[in-house]
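Here is how names work: the chains are called A, B, and so on, in the same order as the sequence lines, proteins then strands, and each is numbered from 1. This is a predicted model, so every value here is computed, not measured.
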Protein chains: 2
Amino acid sequence: MDKYDQILLRELLANGRASFAELARKVNLSAPAVAERVAKLESSGVITGYQAQVDLSKIGLPIQCVIELRLAQHGNQKAYDDLTQIPQILECYRVTGDSCVFMRAAVGSMPELEVLIDKVARLGFSKTSIVLSSAIEPRVPLEQLSR
Amino acid sequence: MDKYDQILLRELLANGRASFAELARKVNLSAPAVAERVAKLESSGVITGYQAQVDLSKIGLPIQCVIELRLAQHGNQKAYDDLTQIPQILECYRVTGDSCVFMRAAVGSMPELEVLIDKVARLGFSKTSIVLSSAIEPRVPLEQLSR
DNA sequence: AATGAAAACCACTACGG
DNA sequence: CCGTAGTGGTTTTCATT
């Protein structure tokens with residue numbers, strides 16, 4: 001993970017569809033050299049994939065929320081499986097502290113939100129906060145890179 | 001946003017670097033037709049970009065946390081600007097409820113986490129939970145698409 | 001591990017349906 | 001709005017350094 005790889009990572013975070021030729025111009029290497037480096041970043045697991053970023057409000061999901069959940073039975077794998085099955089949940093993290101799970105979800109309407117909350121609440125005590133705005137869209141810090 | 005667009009979106013969420021030719025084979029359209037549709041999804045704001053997905057633990061950031069923050073002075077734009085300047089914060093949402101802000105962050109070590117918490121705590125009352133595992137990696141539900 | 005060259009592939013444009 | 005065809009750029013492989 002030298003300086004070239006760092007620049008490539010930064011560029012692919014900013015534009016995941018950048019061509020190898022484009023990337024090659026940024027780092028002053030040949031396209032084959034860049035392709036090989038990116039392939040290595042992928043096979044070593046640093047880059048796990050590429051994803052289009054979608055404006056949720058433009059696909060009928062204008063309401064976002066954060067849900068904290070304290071599971072009724074702690075360490076219950078089935079509960080996580082149940083949560084995974086709910087498509088409205090965008091992210092889901094098991095955490096330390098008195099909440100067991102943090103989630104972010106998106107729904108199309110308040111009735112849908114109500115259904116979602118009911119579904120989640122079956123698994124334990126939940127607390128839902130509506131997202132008003134996001135100050136930071138999902139990003140990755142590359143300042144202090146190691147390895 | 002017809003059935004073709006839905007498939008294209010789904011494919012670009014799964015593989016943001018898929019070529020137009022590849023996408024064309026999935027939807028049984030010609031490559032130029034696909035390129036035009038994708039360009040339209042981009043210009044209409046449905047697709048806001050493409051991003052490489054990175055394994056944070058592989059770039060020296062093995063510890064993730066969720067931070068709830070109750071701002072000392074509510075409705076303080078400067079506080080959000082301050083948070084934006086902290087590179088370790090990956091996502092940041094202003095929400096309703098008694099926490100004002102929800103964040104997810106990644107750090108390289110416990111001392112770094114301590115520094116981060118101190119920085120955030122200057123802005124109000126904060127509560128930090130360490131992420132143990134993630135049941136759902138950032139995804140987008142495309143089941144019930146509208147518009 | 002990078003370069004340069006060649007073949008295969010892909011993207012873009014224009015035109016026609 | 002889609003398909004076909006032509007052109008130019010890009011990816012990929014391979015031999016070379």
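Spacing between atom CD of A:E22 and atom C1' of D:dG9 amounts to 12 Å, rounded to whole angstrom units. In this structure, B:M1 places its CE atom 17 Å from C1' of D:dC1, rounding to the nearest Å. Atom CG of B:L23 and atom P of C:dC12 are 12 Å apart (whole Å). Put simply, NZ on B:K3 is 18 Å from C1' on D:dC2, counting in whole angstrom units. In this structure, B:F20 atom CZ and D:dG3 atom C1' are separated by 17 Å, rounded to whole Å. Counting to the nearest Å, the P atom of D:dG3 and the CZ atom of B:R25 are 15 Å from each other.
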Polar pairs (N or O, both sides) under 3.5 Å between protein and nucleotides 3-6 of chain C?
residue, atom, partner, partner atom, Å
C:dT3, OP2, A:S30, N, 2.9
C:dT3, OP2, A:S30, OG, 2.9

Which pairs of donor and acceptor atoms, one on a side chain in residues 115-135 of chain A, lie under 3.5 Å apart (sequence neighbours left out)?
residue, atom, partner, partner atom, Å
A:K127, NZ, A:E68, OE2, 3.4
A:S129, OG, B:T96, O, 3.4
A:S134, OG, A:E137, OE2, 2.5

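The side chain of B:R37 approaches D:dC2 more closely than any other nucleotide in the set D:dT12, D:dT10, D:dC2. Side chain of A:A21, nearest nucleotide from D:dT11, D:dC1, C:dC12: D:dT11.
Salt-bridge formation is detected for the pair A:R37/A:D5: a Lys NZ or Arg NE/NH1/NH2 atom is positioned less than 4.0 Å from an Asp or Glu carboxylate oxygen.
Judged by distance alone, the side chain of A:S44 and the main-chain N or O of A:L41 form a donor-acceptor pair under 3.5 Å. Using modelled atom types, no side-chain atom of A:R104 and backbone atom of A:C65 make a donor-acceptor pair closer than 3.5 Å.
Within a 6.0 Å radius of CD in B:E114, other residues, nucleotides and ligands contribute 12 heavy atoms or fewer.
For D:dT10, neither phosphate oxygen OP1 nor OP2 lies less than 4.0 angstrom from any side-chain nitrogen or oxygen of A:R17.
By the rule that hydrophobic residues join a cluster once side-chain heavy atoms approach within less than 4.5 Å of another member, A:I136 and B:Y93 end up as members of separate clusters.
Under the salt bridge (charged side-chain N to carboxylate O under 4.0 Å, His left out) criterion, the residue pairs touching residues 15-34 of chain B are B:E11-B:K26, with sequence neighbours excluded.
The side-chain contact (heavy atoms from CB on, under 4.5 Å) check on A:Q77 picks up A:Y80, A:D81, with sequence neighbours excluded. Under the side-chain contact (heavy atoms from CB on, under 4.5 Å) criterion, A:A35 pairs with A:F20, not counting sequence neighbours.
The terminal axes of the helix from C:dA1-D:dT17 to C:dG17-D:dC1, fitted over 5 pairs per end, subtend an angle of 30° to the nearest 10°.
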